[in-house]
Structures are given as structure tokens and as C-alpha cells.
Amino acid sequence: INMKTLRNLILLSRIGMLPLSLSVPIIGALSLRQTPSLVHLLALAGIGMSAHFFGFVLNDLMDYTLDKNHPYRQQSLLVTGVVKRWQAWGFVLVQIPIAVGLYLGVLQGRADGLICLTGSVGLSVVYNLFSKWRWLPRILAEIALASSVTLLAISGAWAFQPMLPPDALL
């Protein structure tokens, strides 16, 4: 993958929303009232970034047929073919081992946190599969998205503490 393609994939991911996604696992870790090291903060931000890239580019892949017929979305880098679908799929799928690698390798996170991270990815898939296709009531897709974000935050907390205090979960 060349730098131009990588740039386009990042643009496809709605880069303006990235700061919010970066902050989710960091907020989870900070809920424990401890200060993670700079390396740990960067790893948590990397996990948030991978979750962001995974979710937003997957959304465009799932909505591809809808976007082709919607005037606003017809200019999407994916719909216009600037980014090929196979490139987008590769970009989406590589985010999983990146996030898991950061969680296990850098943070040396716990298994229960890894389960939360995996659940977050799974619920992101549920949201992207059902949010616009009306196979489920839209509210269920939105609950899946909110739960995905919540699990991402909890995984950030569980990277640092074996038992989470109840107030950290609130």
C-alpha cells in the first residue's frame, strides 16, 4: 500500500471524528484515577485509532450499495473508486491485530479487557450490518454502537487493574 492510498483510507475514515475515538480507551484508563505512562497513553490512543478506522471504513463498505445511489455519498472515495474495496477491506481487517497487538504487547492487558475489546469490535460489526438495512429496529443498532464504545472504554481500564471499582464503571 502506498502513502497516497493510506492517506485516502484515512480520509475515508472521517478523520475529523478521530480525536473522540482516540479518547475512549484513555478515558477508561483515567477512570481509575491513575495516571498511565506516556507509552501506555499512546498505546491506548492507538487502540482508539484502530477502533475508529475499523468502524468507519467498515461502515462505508457495508453501505456501499446505498452510497452509490445517494447524491451526497456518491463523491465518497470508495464509491468513486479512488479507494478500491479490497484496499478498504484490508485496511479494516488489519486494525484488529494492531489493536490486539497494542493491548497485549504494549499494555500487557488482562484477558477480561481483551474480551471487552473483542466485544467492542463485534458490536461495531453488528451496528454496521444493521444500522441502515432495517433488518433490526434501528434502536438496537444504536444500542450496539453505544455498547461497543462502552466496552472500548472498559478495555482501557482493565488494561491496568484486575478489579474495576463500581464507580469506574459508571
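Please read these numbers as outputs of a predicted model, since none were measured by experiment.
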Would you say [X] and [Y] are hydrophobically clustered, going by side-chain heavy atoms of ILVMFWY under 4.5 Å?
| X | Y | result |
| --- | --- | --- |
| L61 | I15 | yes |
| F53 | W89 | yes |
| L140 | L145 | no |
| I27 | L42 | no |
| V82 | L6 | yes |

For a 4.5 angstrom cut-off between non-hydrogen side-chain atoms, does [X] reach [Y]?
| X | Y | value |
| --- | --- | --- |
| L107 | L44 | yes |
| N59 | R14 | yes |
| D60 | L12 | yes |
| H52 | S13 | yes |
| V121 | S124 | no |
| W158 | L117 | no |
| S155 | L114 | no |
| S50 | V100 | no |

[X] side-chain N/O to [Y] backbone N/O, donor-acceptor pair under 3.5 Å:
| X | Y | answer |
| --- | --- | --- |
| S31 | G28 | yes |
| R138 | S131 | yes |
| Y127 | A146 | no |
| Q95 | V92 | no |

Evaluation steps, side chain to side chain donor-acceptor pair (under 3.5 Å), between S120 and S148: CA-CA 4 Å; S120 174; S148 173; 3.2 Å; yes

Chi angles and distances behind the side-chain contact (heavy atoms from CB on, under 4.5 Å) call for L152, I47: CA-CA 9 Å; L152 184 60; I47 291 167; 3.9 Å; yes

M3 CE to I10 CD1 distance, which is reported to the nearest 0.5 Å: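 Between atom CE of M3 and atom CD1 of I10 there are 7.5 Å.
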
Interatomic distance, T35 atom OG1 to H40 atom NE2 [nearest 0.5 angstrom]: 13.0 Å

Which heavy atom of [X] sits nearest a heavy atom of [Y], and at what distance?
| X | Y | value |
| --- | --- | --- |
| G55 | N128 | O-ND2, 3.4 Å |
| F56 | S21 | CE1-OG, 4.5 Å |
| L9 | A88 | CD2-CA, 3.8 Å |
| L22 | A45 | CD2-O, 3.0 Å |
| P36 | L30 | CD-CD2, 3.7 Å |
| L129 | M62 | CD2-SD, 3.4 Å |

Donor-acceptor pair between N2 and T5 side chains, under 3.5 angstrom: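 Present: a donor and an acceptor within the cut-off.
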
